[in-house]
Structures are given as structure tokens and as C-alpha cells.
Amino acid sequence: MQGFSSAPVREGPLAGVPPAGLRKIWTWGILIALGGFLFGFDTGVISGALLFVRTDFGLNSFQQGTVVSVLVLGAMAGALTSGRIADRFGRRRALEIEGLVFLVGTVVAVFAPGYGTLLAGRLILGLAVGAASATVPIYLSELAPKDIRGRLLTLNQLMITVGILVAYLVNLAFSGSGDWRAMIAVGSLPALLIVVAAVLILPESGVWLLQRGRRGECRELIASVTDTATADRLIERYDRRTAEEAERGEPHGTGPRALAARRVRPALAVGLVLAALQQFAGINTIIYYAPTIIERTGLTASNAIAYSIAIGVINLLMTIVAIRAIDRAGRRRLMVASLAVMTVTMVLLGLSFVAGWPSELSLVFMVVYIAGYAAGLGPVFWTMIGEIFPARVHAAGSSASTAVNWASNFAVSLAFLPIASAIGQGETFWIFAAISLLGLLFVVRYVPETKGREYERIDADLQHRFGRRPTEGAAVR
Ligand code: BGC
């Protein structure tokens, strides 16, 4: 099986990319990952802003809930549509459009005269957040030489965590004045930067250019980070693989239909299960509800805000650990260790509530849980959805997985407090522990290692794990 992921730029051996080329790729990567920053910022800022919106607009608790969750609904829709946009207009244009939508959403929310307009602004922001969260992983993966692919893709999660932390700090900075409009307005700066970068600095993805038959531009792109001989060699290899693929009668097409092809189903299963697992393991009950949970442990509200900043810092620091480890230890090891830590800490967190242990202990378990998540499940999910799909369905696969991630996020955030009230908070954490454990078993059995591998090997591993025979070409190392 040959996928478009075997396209040139992605395959360039690191040794073949000189330091100047690598610097360029990292700069592009950081600019693209600003989409992740906005993801984190816009989901994080509302927890602080809401405290003041609530009194300003006189919102009841249902209305407050809608201001938070309408973004997640918008994100689901944004993620679903992003695949088509990224395939039709290219990855660069898609990011540009998403940056513009971010700007529009921010302006609408910042100047909202009342609840209805604020809701509309948050919905528009959600569309941008969701679409960007699906575009960023594929864009990064299509520009990355395989040896640094993990690190470059992990930038996405790093920027998500930076965005969350900056949002908490912005909340803190404006909490004295209660200026919630200023809190939300801060997001316009990175949004503007994304638009400027997409228009002036970022290149189009080489994979997309080749799919569109724009070989000259692709050659120029590869040559700009390596040299023309490497560009020619990689494009030739791409042609050879495309021809082999056609000979084998592999399905063509780019959209959701091609995603359902038998050959792609194992990748789709891994993408969708990891997407759901990332949310159903309970991460956002801690991220979104940390202050609420902490207040229940008997600490004051101001301690709770300081504590959420501490959570943000741990989340960020451990993501940096993951970036350093992902191309060395590999994705599977990080994920298994991460899920093991998450399972154990959720069991203990549940116990601490049920058995009435000192609240300091609950806090320690929450911090260790976040650390475990940030070092594995958090970043590895976003990395892998850029790696497991054949390139022709990169955009569609990322789009579907991301949409499931947002839908799961929505379901968990909605159900958490009612379930906790019904069966108890500690018992609810045990449900998350059980899900993490099942997730661990799934990873051990079905998730392929992608570290440093060409697409063919990833696919062969996937087919093998799902009990299918790899095609001859795919079996070759
Ligand atoms: C998840 C978000 C979560 C964040 C926490 C991301 O990977 O998709 O839902 O809030 O990690 O760092």
C-alpha cells in the first residue's frame, strides 16, 4: 500500500536537511501551531471571563453553561468541514481562512452588547478552533522530515497548553478590573499573526501541491529546505509509489468516502478511538472544573485560581518532556506509560474523595494525573492523527478524528457534574480510571509505532495488528 504520506517532504531524511532548512521548517511549525495556541486560549479564557460576564449580563447557570459549550459545538462543526476546505483550497489557505474566522469571532464576542451576540461570537470562535485543530496536525506532518515529525507535531499540543496557561494568566491579570472583554480580546493578536503568516510566510504543503499536480512549486519548496537534487529524487519516489499504488488498484479519491475504504479502516479505528479516549479519560473535568473540584476539597476560591495556574504550568512542562521524548522513546511507550499513570491516579483520586482523605492528597493526585496525561495521551493523539492516515485522506482522517474528539469533549463536559452529583465524585473518577485502563489495552493491542517510520511501515504495522495481511510492498522495511 502506498499513501500520499510517502510524498517527498515528509520523507526527507534529517541528515539531508541542512541546519538552515531545519530552522525554516521549525519557524513554519511554530507559526502553524499558533492554531493550537488559539485552541488552548479560547477554551481556557472563558473560565475566568465567565465570572464577570455572568454579573454583567445577569446570566443564569444554564446560560453560563451555553457560553462555554457553544464553542465546543462550533468546534465539532468546524472540525467536520475543515477536511474539505484543506483539500480544496490547500493547507495554507485553510489556515488563513481559520485565522480570519478567529478574528471575526473574537470581534463579535468582545463587542457583544448582550447574551445572544456573545453566544454567536463563541460559536464562530468554535468553528475556527475546531477547523484549526484538524488542519494543524496534517499541515505540520506534511512539512516534517520523518526524524523530527514527532517533535514538530507535538508543537501543536505544546501551543495548546501555552494557550491554556496564557488564558489563565490573562484571566488573573484582568480579574481585578473584571474586564472580560479585554480577556477575550487578547486572542485577536495570535489570530492576526496566523493570517499574516499564512499570507506572507508559510509555504503550501508539498503533499497537497503534488496531489494537485503542482510539481514545480513542490520542487521549489523541497529545494528551499534541501537542494534540487533531493527535490527531484523525492518527487521521483513519489511518482513511483503513486504508480505502484495504481497498479495494486488502491482506492483513490480524497474525501470521507475514501476514508471508509477497507484498507484505511484500521487507521480510522485508531484515530477515532484515540480521539474518544483522550476525552473520556477525563482530562477536561480536571482542566475545566479544577476550581470547582478544588473548592469542594475545602480550599478558597482565590487558592483555586492559583491552583489552576499550577495545573497549567505542569501541563506545559510535561508536554515539553513529551516533545523531548517522542522521537526517541516512541509514541507507544509514551502512551502506555501515560495511561498507566492516569489509571492509577484516577483510582487514588476517587478513593481520596470516597474515603475522605485529606484534600491535599486529592490535589497531589490531580497534579500527577495531569502530568501523566501531558507526557503522553495529550500530545500523542494529535501527533498520531497526522501520521496514521494515507496522505490522500490526511485531511478527511484528521477531520473525522478531531470531530469525534470535540464531540466526546462535549459529552464529558455536559455529563460530568450531573453524574458526579448522582453517583458521587469519587465514583465518577473511577469510571475515568476504567476507561483509561481499557484505553491502555487498546493501545497495546492496536496502536502502531510511528516513530521515524515511512508511511508504508506504519500501514504494515496497522494491517498486522488488525489481523490483515500487509501488501507485499508494505511489508518491506
Ligand atoms: C485536548 C483538550 C485539552 C488539552 C489539555 C488537548 O490535547 O484535546 O481537550 O483541554 O489537551 O492540555
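Counting convention: from 1, in listed order, for ligands and their atoms alike. Side-chain atoms are counted along with the backbone in the values below, which use heavy atoms only and exclude waters and symmetry mates.
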Give a yes or no on whether the backbone of Asn60 and the side-chain of Gln63 come within a donor-acceptor separation of less than 3.5 Å.
yes
Check the side chains of Thr450 and Glu387 for a donor-acceptor pair under 3.5 angstrom, ignoring hydrogens and angles.
yes
Please list, in number order, the atoms of ligand 1 under 4.0 Å from a heavy atom of Ile164.
5 (C), 12 (O)
Output side-chain donor-acceptor pairs under 3.5 Å for residues 27-51, partner residues at least two apart or in another chain, one line each.
{"from": "Thr27", "atom 1": "OG1", "to": "Arg23", "atom 2": "O", "distance (Å)": "2.7"}
{"from": "Thr43", "atom 1": "OG1", "to": "Phe39", "atom 2": "O", "distance (Å)": "2.8"}
{"from": "Thr43", "atom 1": "OG1", "to": "Gly40", "atom 2": "O", "distance (Å)": "3.1"}
{"from": "Ser47", "atom 1": "OG", "to": "Gly44", "atom 2": "O", "distance (Å)": "3.0"}

One finds that the ligand 1 atoms under 4.0 Å from a non-hydrogen atom of Gln279 are 1 (C), 2 (C), 8 (O), 9 (O)
With atoms numbered from 1 as shown, which atoms in ligand 1 lie under 4.0 angstrom from a non-hydrogen atom of Gln278?
1 (C), 6 (C), 7 (O), 8 (O)
side-chain hydrogen bond (donor to acceptor under 3.5 Å, both in side chains) partners for Thr135, two or more places apart
Glu98
Measure the distance from atom 3 (C) of ligand 1 to every protein heavy atom, then report the residue, atom name and distance (to 0.1 Å) of the closest one.
Asn284 OD1, 3.4 Å
Does the pair Arg465/Asp461 count as a salt bridge with the N-to-O cut at 4.0 Å?
yes
Tell me the contacting part of Phe39 for ligand 1: side chain, backbone, both, or neither, using a 4.0 Å heavy-atom threshold, strictly below.
side chain
Atom 4 (C) of ligand 1: which protein heavy atom is closest, and how many Å away?
Tyr373 OH, 3.7 Å
Short N-O contact, Arg457 and Glu454, less than 4.0 angstrom:
no
Can you name the atoms of ligand 1, numbered from 1 with element, that are less than 4.0 Å from a heavy atom of Asn315?
5 (C), 12 (O)
Under 4.0 Å from a heavy atom of Asn409: which atoms of ligand 1 are those, numbered in the order shown and with their elements?
9 (O)
Here the atoms of ligand 1 under 4.0 Å from any heavy atom belonging to Asn405 are 8 (O)
With backbone taken as N, CA, C and O and side chain as the heavy atoms from C-beta onward, which portion of Phe381 lies under 4.0 Å from ligand 1: side chain, backbone, both, or neither?
neither
Can you list the steps and then say if Ser413 with Asn409 is a side chain to side chain donor-acceptor pair (under 3.5 Å)?
CA-CA 6 Å; Ser413 333; Asn409 186 340; 3.2 Å; yes
